[in-house]
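Just so you know, residue 1 is the first one in the sequence shown, and it goes up from there. Fair warning: this is a prediction, and the values are worked out from it, not measured in the lab. Order of appearance sets the numbers: ligands from 1, and atoms from 1 within every ligand.
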Amino acid sequence: MNKTKNNFIYNIITKDLKKCKHKKIYTRFPPEPNGYLHIGHAKSILLNFNIAKKFNGICNLRLDDTNPSKENKKYVNSIKYDIKWLGFKFYYDIYYTSQYFYLLYKFSIKLIKNGLAYIDELNKHQISKYKGNFNNLGKNSPYRKRSINENLIFFKKMKNGFFNNGKISLRAKINMLSPNILMRDPILYRIKFNKHYKTKYIWCIYPMYDFAHCLSDYIEKITHSLCTLEFQDNKILYDWFLNNLKIFNKPKQYEFSRLNIEYNVISKRKLSILIKKKIITGWDDPRIVTLSGLRNRGYTSNSILNFCNSIGVTRQNSLIKISFLENFIRKELNIKSQRLIAVLNPIKIIIENFNKIKEKILIPNHPQNKNMGKRKYVFSKEIYIDNKDFKEKKTNGYRGLTIGNKVKLRYSYIIKAKKIKKDKNGNIIYILCKYYKNRKKNNVNGIIHWISKLYSIPAIFFLYYNLFKISNPENKKNFIKYINKKSLVINRGFIEKNIKNINNFSYQFERKGYFCLNKNFKNNNIFYFNRIVKLKNII
Ligand code: ATP
Ligand code: MG
């Protein structure tokens, strides 16, 4: 809530209330059920619900379902689930624009009767040609002069399914010479013979966004209709409909900037292309910033809300750094995650002078939080270390194990690498080492993590990287060209046996990042993990 207080919309509403413009504040969150919600929607949800809460008002969830060819129940369910997951409640029930289809139809008849709408027989391409562009003014359709009576008859026939898809449309009669192209007789209704997931086959005509949205806002008594900046030019149309339908207590539209995040596409249209092309596995792929994707990856709703709160609400478009988002989940996980040890890319070490079977030790569950206690860990003759922690020859600045040199095994002994045993293809089978009882860290290259072979369980690690190679793919028409083909790396390694007795939401694997279980896989002998986020400062 903290930032809501400072944003410009809060200030507008405060002034409106001072002037007694409204008795109660109503906002709405109006997603189209044509895809899953993303983090941009979370920003809008937070804004709308929190503004309403702040002023003792109400925020409606409205499914903006005016396009039967793209919308379905599966998306409605996912939207409801995600909003609840974020922690918001719907006041009354959920609203649907499709509930208002009859009222909207009545409003359009009123426009026709007032000489402000007509049936056009130009097809889609002709309409767009007649509209002109920024440099060329529009041209009136030859059907613009049709009589009111004829328009009413045609519209009724249109509604009753007399015409095929695209044959005719209902357009507002505004001004084909307007400098704002949106005002050049926009389409109000088009024919679509698709089954609507809610109204089934009742309707074959569907209202366009600009017409339906302002009137749905009016029907729901919305006072402040908050949308993203790209609707700025549509505002004049929003007001035109309300004014020309002689509506009192008009809702008012205000725009704020869209959320964009580096190395991601956010728009549902682009996300659905990625799904169709099988570049990602679905709307909940952990590499995308849909709420379900982030949830699968291991993000908490709390971290997303804190992030949205801290970016604030302005009218300046900006591209938010991915590291900014990551900081919120890292901060949260750092506090609550139990530490464990995992080796993501194992190399076997044999310690030639260790002759016991095993040696038990106790290691801390959280270095900064002693209350989290200690756990049993085991040292033995055969251990695994990460292949990033071994190089045959020492190079400048390298902190791992090299032949002839020493490293400290974290929480345990110092070892020195003596020789490498390779197979005939040159792959390392194991590295022969010697251990020192004296644990003084003189002459050691660095400190590395390790797992005893006796105390490990096989594990598979899903490591996620940016889906795009460029920071702003949202701006590129051919965004697919910039896909990072290595956005998912799957490693086979080991996790310490203690995992069997711990059932936490997240873990920090020392030196490797924060992980959670990957719920798509289940196997009693292997653990599957998602890396939620890396530790700071690791490559
Ligand atoms: P998309 O381009 O992802 O399809 P949209 O605007 O078409 O977005 P809707 O489902 O119509 O998606 O959006 C519902 C609400 O969420 C709208 O009020 C919209 O302005 C807001 N919204 C959508 N994307 C963002 C974003 N990136 N940042 C902030 N608000 C957003
Ligand atoms: Mg939309």
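Checked against a 3.5 angstrom limit, the closest N/O atoms of L259 and ligand 1 fall inside it. Residue contacts with ligand 1: T228 is placed with a nitrogen or oxygen under 3.5 Å of a nitrogen or oxygen of the ligand (distance criterion only).
Panel note: side chain S337, backbone N334; no donor-acceptor pair is recorded below 3.5 Å. K110 places a side-chain N or O within donor-acceptor distance of the main-chain N or O of L245, the cut-off being under 3.5 Å. D16 places no side-chain N or O within 3.5 Å of a backbone atom of K21 that could act as its donor or acceptor partner.
Less than 4.0 angstrom separates some heavy atom of S44 from each of these atoms of ligand 1: 16 (O), 21 (C), 30 (N). Ligand 1 places these atoms under 4.0 Å from at least one heavy atom of H38: 3 (O), 24 (N), 25 (C), 27 (N).
Here the shortest heavy-atom distance to atom 12 (O) of ligand 1, taken over R28, H41, E255, E32, belongs to H41. Nearest-residue assignment for atom 10 (O) of ligand 1 (options K43, K268, E230, E474; heavy-atom criterion): K268. One option in G40, C227, P33 has a heavy atom closer to atom 30 (N) of ligand 1 than any other, and that option is G40.
Classified by interplanar angle (parallel below 30°, tilted 30° to 60°, perpendicular above 60°), the ring pair H41/H38 is parallel. Taking the six-membered ring for Trp and thresholds of 30 and 60 degrees, F462 and Y528 have ring planes inclined between 30 and 60 degrees apart.
Across D217, D239, N243, T223, a single residue satisfies side chain to side chain donor-acceptor pair (under 3.5 Å) together with K250, and that is N243.
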